[in-house]
Amino acid sequence: METGILISRLNQGDNEAWNMLLKRYSAKIYNIALNFSGNSEEAADITQDIFIKVYKNIGKFEHNYSFTSWLFRIAKNHCIDHWRKNKKHKEVLEFNEKYHLENESAEDTLIKTLDLNKLRNKLQYLPDELRILLIMRDIQGYSYSEISEHLNIPLGTTKSRINRARIKLAKFFIKGEK
Amino acid sequence: MINCEKFANLLSQYIEGELTGEQNSEIKTHLKGCRNCHLLYQSTVKIIECLPGLKKEIPLPLKNRLKLIPQPEKKESIKPNQLKWIAAIISTIALLLNLFYFTNINPTVNKVLHNIIFGIEKMTVKAAGLFEEIKESEIFSADNSENGSENNGN
């Protein structure tokens with residue numbers, strides 16, 4: 001079913017349309033929330049809050065706009081708001097300050113095997129704007145142009161931010177455990 | 001020749017094969033001579049390979065929670081918070097009515113309230129009188145019918 005028709009049916013209170021919308025988008029939003037927060041319980045709450053927002057504001061959605069873009073912007077803003085309200089970001093800032101003070105020379109700790117939990121944990125230390133882009137590109141598999149369109153960021157900026165995010169994340173591993 | 005900063009700027013494009021042949025060979029030359037950049041390149045490639053592994057299935061309890069989102073909206077029941085407000089408004093109105101009725105803060109309102117109460121009392125008395133009349137007429141008709149049957153018997 002076309003997204004436009006789905007939204008119209010949703011506006012008429014069609015429960016089946018809501019279930020179809022969830023089937024289409026809930027896993028995507030959950031994965032953004034999970035990798036943004038690094039915690040499955042928090043991710044479940046964030047995902048629920050995002051869909052409550054979507055449900056409450058679906059009437060305000062303009063049909064000439066892309067629904068995916070609208071949804072991803074809600075998700076992005078909610079994830080960042082949640083992160084900022086949460087104490088975690090303070091710890092991360094402290095970590096980043098400490099990190100920048102360290103000796104710049106790289107240790108010979110090339111990643112041979114990567115523990116996925118460790119990788120998800122390190123992801124939390126990336127700045128919000130870089131993290132969301134990296135999640136969409138390298139975890140969700142969106143193209144640069146899709147990310148640029150959905151998050152309303154110029155294509156060049158999207159590419160350079162993703163490159164910066166990858167380098168930062170790689171350096172977290174090269175420079176050793178925190 | 002490219003330096004480490006330029007290499008870092010082109011890293012993703014190099015990995016994703018988006019560079020020209022000339023840029024590619026420049027990077028390869030740089031990587032051969034720079035241990036730090038080589039390490040960064042290998043780590044970045046490994047991370048890009050591993051990141052899709054962080055994708056997870058949505059948990060079933062969350063799926064069910066999301067399905068229930070439209071339901072509370074359908075129920076238009078009064079929320080506990082709204083009940084508090086309704087109780088507060090009713091109490092305030094009752095308090096104000098008492099105040100205006102028993103004191104003479106606002107003579108006009110006081111007069112109107114007394115007139116209303118007087119009207120209600122009048123109506124109550126009238127209704128009671130009417131009720132009594134109906135009752136009496138029923139007793140009277142019952143007495144008459146009893147007397148009639150006694151006379152017929154005699």
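We name chains A, B, ... by the order of the sequence lines, and we start the count at 1 in each one.
- Counting only heavy atoms from C-beta outward, the side chains of B:Pro70 and A:Asn15 approach each other to under 4.5 Å.
- Within 6.0 Å of the OH atom in A:Tyr65, the count of heavy atoms belonging to other residues, nucleotides or ligands exceeds 12.
- Heavy atoms closer than 4.5 Å to chain B are found in the side chain of A:Leu34, but not in its backbone.
- For the pair B:Ser43 and A:Ile174, the tightest heavy-atom approach, listed with the atom from each and the gap, is OG-CG1, 3.4 Å.
- One hydrophobic cluster holds both B:Tyr14 and B:Leu39 under the rule that ILVMFWY side chains link at heavy-atom gaps under 4.5 Å.
- For the atom pair A:Leu22 CG and B:Ile58 CD1, the distance stands at 7.5 Å (nearest 0.5 Å).
- Side-chain atoms of A:Lys28 and B:Lys55, non-hydrogen and from C-beta on, never get closer than 4.5 Å to each other.
- Only the side chain of A:Leu134 comes within contact range of chain B, with heavy atoms under 4.5 Å apart.
- Contacts between A:Asn35 and chain B at a heavy-atom distance below 4.5 Å involve the side chain alone, from C-beta outward.
- Shown here for A:Arg166 and B:Thr44, the closest heavy-atom pair between the two residues is CB-CG2, 3.8 Å.
- Here CD1 of B:Ile69 is found 12.5 Å from NZ of A:Lys53. Values are rounded to the nearest 0.5 Å.
- A:Tyr144 and B:Glu16 share a donor-acceptor pair across their side chains, judged by distance under 3.5 Å alone.
- Scanning both residues, A:Gln48 and B:Leu66, for their nearest heavy atoms gives CA-CD2, 3.7 Å.
- Closest approach of B:Leu11 and A:Ile167 over heavy atoms only: CD2-CG1, 3.8 Å.
- Note: the hydrophobic cluster containing B:Leu97 also contains B:Phe102 (ILVMFWY, side chain heavy atoms under 4.5 Å, direct or indirect links).
- Proximity to chain B (any heavy atom under 4.5 Å) is restricted, for A:Leu123, to the side chain, taken from C-beta onward.
- Here B:Ser12 contributes atom OG and A:Lys159 contributes atom NZ; the two are 10.0 Å apart, rounded to the nearest 0.5 Å.
- Only the backbone of B:Glu57 comes within less than 4.5 Å of a heavy atom of chain A; no side-chain atom from C-beta onward does.
- Every residue two or more places apart in sequence or in another chain was checked for a salt bridge (charged side-chain N to carboxylate O under 4.0 Å, His left out) with B:Glu49, and none qualifies.
- Between B:Leu40 and A:Ala170, the closest heavy-atom pair is CD1-CB, 4.0 Å.
- Pairing each heavy atom of A:Asn163 with each of B:Leu10, the nearest pair is ND2-N, 4.4 Å.
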Using distance only, find each side-chain donor-acceptor pair of residues 145-152 of chain A under 3.5 Å and give its atom names and separation, not counting sequence neighbours.
residue  : atom : partner  : partner atom : Å
A:Ser145 : OG   : A:Ser143 : OG           : 3.2
A:Glu146 : OE1  : A:Ser143 : N            : 2.9
A:Glu146 : OE1  : A:Ser143 : OG           : 3.3
A:Ser148 : OG   : A:Ile153 : O            : 2.7
A:His150 : ND1  : A:Ser69  : OG           : 3.0

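- For the atom pair CD1 of B:Ile48 and CZ of A:Arg137, the computed distance is 8.5 Å after rounding to the nearest 0.5 Å.
- Counting heavy atoms from C-beta on, the side chains of A:Asp45 and B:Arg65 come closer than 4.5 Å.
- Taking OH from A:Tyr30 and NZ from B:Lys56, the interatomic distance works out to 5.5 Å, rounded to the nearest 0.5 Å.
- B:Ile93 and B:Ile117 fall within a single hydrophobic cluster, where Ile, Leu, Val, Met, Phe, Trp and Tyr are joined by side-chain heavy atoms under 4.5 Å apart, directly or via other members.
- Going from atom CG of A:Leu169 over to atom CG of B:Leu51 covers 6.0 Å, rounded to the nearest 0.5 Å.
- No path of Ile, Leu, Val, Met, Phe, Trp and Tyr side chains, each step under 4.5 Å between heavy atoms, connects A:Leu130 with A:Phe72, placing them in separate hydrophobic clusters.
- The cluster map of Ile, Leu, Val, Met, Phe, Trp and Tyr, joined by side-chain heavy atoms under 4.5 Å apart, puts B:Ile89 and B:Phe100 in the same cluster.
- A:Thr47 touches chain B through backbone and side chain together, each having a heavy atom under 4.5 Å away.
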